[in-house]
Trainee: 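Below are the structure tokens for one structure; questions will follow.
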Amino acid sequence: MELELRHLRALVAVAETRSVTRAARVLRVSQPALSGLLRRVERSVGGLLFVRSPTGCVPTPLGADVVAEARTVLAGVSALTERLGEQRAPAGPLRVGGYCGFLHLAVSRWLRDQPWCHGVSVQEDQDEAVAPARIAAGTLDLALVYLPPLPDAVVPDGVESVVVHPREPVFVILAHDHPLARARTVPFAALAEHPWADDPPGTTRWSAYLQRVCRRYGVALDQPHRPQCLATLLDLVRAGMAVAPALATREELPATIVVRAIEGAPLWQELRLCYRPGTPVAARIGEIHDAVVRAYAGRQGCSAAFDHWWRERGRELLPAG
């Protein structure tokens, strides 16, 4: 079997995400289909390319060599495509990914109205490692990604990024009549006294970061709920059955859900724009960044917690003058 570009992209996606399941999401194929493709490639090259480890799916020595060659070939193809001008005017809509709530949609609406943009395709990936890998694989054009402060890198080679805000706080949402909703800020330790709804532990970088912060503060969150759907999570919170983490831009729902800051801001994330060099997005990344900042500023009034943070720290994003 001759190796094709799709085989090389699959190998790089597995290496970048350290997971066949995540790589399948990046490539928009099923996990069984990707596993079968990897087995065929391994038979073709005559050896095992990846093994499971405590840190995920990692390349064998042979796999590392093959992945390195795959990256070289794909980089050459990308450079050739750029020289031929195929990236100057994308035929289809701009593919916007990531997972950042209000800002995701606000920026997509702005992009839709730009004369150089031929429509927008909005896609979401709750796992923050997936969208940057999809940028690298060429299946996304732009991603707005919240990255928890962990030491391992998420933005892969061949992907550039711009930091929008280096330290946006994570808030919590509660039912409007919840006991913790009476104060303007909620002590982190007090959250341990109430059911918590969030990603299943160990499934995303966010969940790993949350566990690390809990250990640091000596807090053990009770997490009986693990909803996969935002509507379900909001229903749990609305019913007073759970409290949950929320982005700073989360809007309060009058007489149902309130947003509160966590005392001392122990949880925070970095917001980045990710894109590929040599693309229309790269040529206009300054304009896109400014649109994100304007969307931040326009979010004032969504909650008292956001307004306080914006006055104290968030407005530092605005250009001087």
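Residue numbers start at 1 and run along the sequence shown.
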Trainee: Does Thr139 reach the main-chain N or O of Ile135 with its side chain, forming a donor-acceptor pair under 3.5 Å?
Mentor: no
Trainee: So, Arg22 side chain and Ala129 main chain: donor-acceptor pair closer than 3.5 Å or not?
Mentor: no
Trainee: Could you measure the distance from the CD atom of Glu263 to the CG atom of Leu191? Nearest 0.5 Å is fine.
Mentor: 10.5 Å
Trainee: Are Val259 and Leu267 connected into the same hydrophobic cluster when the rule is that any two of I, L, V, M, F, W, Y join if their side-chain heavy atoms are below 4.5 Å apart?
Mentor: no
Trainee: Nearest 0.5 Å, what's the CD1-OG distance between Ile257 and Ser303?
Mentor: 12.5 Å
Trainee: When you measure from the side chain of His225 to the backbone of Ala197, do you find a donor-acceptor pair of N or O atoms at a distance under 3.5 Å?
Mentor: no
Trainee: What are the two closest heavy atoms between Leu49 and Val41, and how far apart are they?
Mentor: CD1-CG1, 3.8 Å
Trainee: Take Gln114 and Leu94, measure what side-chain contact (heavy atoms from CB on, under 4.5 Å) needs, and give me the verdict at the end.
Mentor: CA-CA 11 Å; Gln114 303 310 301; Leu94 192 72; over 6 Å; no
Trainee: Do Asp125 and Arg134 sit within salt-bridge range, that is, some charged N less than 4.0 Å from a carboxylate O?
Mentor: yes
Trainee: Would you compute the distance between atom CZ of Arg18 and atom SG of Cys57 and round it to the nearest 0.5 angstrom?
Mentor: 10.0 Å
Trainee: For the pair Leu144 and Val164, evaluate side-chain contact (heavy atoms from CB on, under 4.5 Å) and give the outcome as yes or no after the intermediate values.
Mentor: CA-CA 9 Å; Leu144 293 86; Val164 179; over 6 Å; no
Trainee: Strictly distance-based, threshold 3.5 Å: is any side-chain N or O of Glu128 a donor or acceptor partner for the main-chain N or O of Pro148?
Mentor: no
Trainee: Is there a side-chain contact between Val66 and Leu8, using heavy atoms and a 4.5 Å cut-off?
Mentor: no
Trainee: Do Ser207 and Gln211 pair up side chain to side chain, a donor and an acceptor below 3.5 Å, judged on atom types alone?
Mentor: no
Trainee: Kindly work out whether a path of hydrophobic side-chain contacts (I/L/V/M/F/W/Y, heavy atoms less than 4.5 Å apart) joins Val12 to Leu5.
Mentor: yes
Trainee: With a 3.5 Å cut-off and no angle check, do the side chains of Asp199 and Thr204 form a donor-acceptor pair?
Mentor: yes
Trainee: When you group the ILVMFWY residues by side-chain heavy-atom contacts below 4.5 Å and let the links chain together, are Val122 and Tyr99 in the same group?
Mentor: no
Trainee: Taking all non-hydrogen atoms of both residues into account, name the closest pair between Gly101 and Leu247 and its distance.
Mentor: N-CD1, 3.9 Å
Trainee: Answer yes or no: is there an ion pair linking Glu16 with Arg9, defined by an N-O contact shorter than 4.0 Å?
Mentor: no
Trainee: Please check if the side chain of His178 supplies one atom and the backbone of Met241 the other of a donor-acceptor pair under 3.5 Å.
Mentor: no
Trainee: Would a distance-only check, ignoring hydrogens and angles, find a side-chain to backbone donor-acceptor pair under 3.5 Å from Glu270 to Leu147?
Mentor: no
Trainee: For residues Leu234 and Val243: do they belong to one hydrophobic cluster (side chain heavy atoms under 4.5 Å, members Ile, Leu, Val, Met, Phe, Trp, Tyr)?
Mentor: no
Trainee: Does this structure show an ion pair linking Arg272 with Glu160, if we count only N-O contacts that are shorter than 4.0 Å?
Mentor: no
Trainee: Kindly indicate, with the supporting measurements, whether the criterion side-chain contact (heavy atoms from CB on, under 4.5 Å) is fulfilled by Tyr275 and Ile288.
Mentor: CA-CA 11 Å; Tyr275 59 96; Ile288 298 170; over 6 Å; no
Trainee: Please work out whether the ring planes of Phe306 and Tyr296 are parallel, tilted or perpendicular, with thresholds of 30° and 60°.
Mentor: parallel
Trainee: Quick check: do Asp222 and His194 have side-chain heavy atoms less than 4.5 Å from each other?
Mentor: no
Trainee: Just by modelled atom types, is the Thr249 backbone N or O under 3.5 Å from a matching donor or acceptor in the Arg299 side chain?
Mentor: yes
Trainee: For Cys117 and Leu111, work out which heavy atoms get closest and say how close.
Mentor: CB-O, 3.2 Å
Trainee: Just one of Trp196, Tyr217, Phe171 clears the ring-ring contact (aromatic ring centres under 6.0 Å, His included) bar with Phe188, so which one?
Mentor: Tyr217
Trainee: Using side-chain heavy atoms (C-beta onward) and a distance below 4.5 Å, is Leu273 in contact with Val281?
Mentor: no
Trainee: Determine whether Leu62 and Phe50 satisfy the following criterion, side-chain contact (heavy atoms from CB on, under 4.5 Å), listing intermediate values before the conclusion.
Mentor: CA-CA 9 Å; Leu62 173 62; Phe50 295 94; over 6 Å; no
Trainee: Could you tell me if the side chain of Val96 sits less than 4.5 Å from the side chain of Val107, heavy atoms only?
Mentor: no
Trainee: Applying the 4.5 Å side-chain criterion to the ILVMFWY set and letting contacts propagate, would Leu37 and Val73 be lumped into a single cluster?
Mentor: yes
Trainee: Taking atom NE2 of His308 and atom OG1 of Thr185, what is their separation to the nearest 0.5 Å?
Mentor: 8.5 Å
Trainee: Any salt bridge linking Arg276 with Asp141? Criterion: basic side-chain nitrogen under 4.0 Å from a carboxylate oxygen.
Mentor: yes
Trainee: Assert yes or no for the condition that the ring centre distance of Trp309 to His165 is strictly below 6.0 Å.
Mentor: yes
Trainee: How long is the span from the CG atom in Leu11 to the CD atom in Glu69, to the nearest 0.5 Å?
Mentor: 12.0 Å
Trainee: Any side-chain heavy atom of Glu42 within less than 4.5 Å of one from Leu48?
Mentor: yes
Trainee: Would one find more than 12 heavy atoms of other residues, nucleotides or ligands at under 6.0 Å from atom CZ of Arg95?
Mentor: yes
Trainee: Would you say the side chains of Ser121 and Gln123 form a donor-acceptor pair under 3.5 Å?
Mentor: yes
Trainee: Side chains of Tyr146 and Glu168: donor-acceptor distance under 3.5 Å anywhere?
Mentor: yes
Trainee: When you measure from the side chain of Ser44 to the backbone of Arg40, do you find a donor-acceptor pair of N or O atoms at a distance under 3.5 Å?
Mentor: no
Trainee: Let me confirm one number: the CD-CH2 distance from Gln269 to Trp206, rounded to the nearest 0.5 Å.
Mentor: 5.0 Å
Trainee: Compare all side-chain heavy atoms of Arg260 with those of Leu180 and state whether any distance is below 4.5 angstrom.
Mentor: no
Trainee: Is the backbone N or O of Arg284 less than 3.5 Å from a side-chain atom of Glu287, with the two atoms forming a donor-acceptor pair by type?
Mentor: no
Trainee: If every non-hydrogen atom of Ala23 is compared with every non-hydrogen atom of Leu34, which pair is closest and at what distance?
Mentor: CB-CD2, 3.7 Å
Trainee: Can you check whether Glu124 reaches His104 side chain to side chain, under 4.5 Å on heavy atoms?
Mentor: yes
Trainee: Check Ala64 against Pro59 and note the closest heavy-atom contact, atom names and distance.
Mentor: N-CB, 3.6 Å
Trainee: Would you say that Val155 contacts Cys274 through its side chain, given a criterion of any heavy-atom pair below 4.5 Å between the two side chains?
Mentor: yes
Trainee: If you take all heavy atoms of Ala15 and Val67, which pair is closest and at what distance?
Mentor: CB-CG1, 3.9 Å
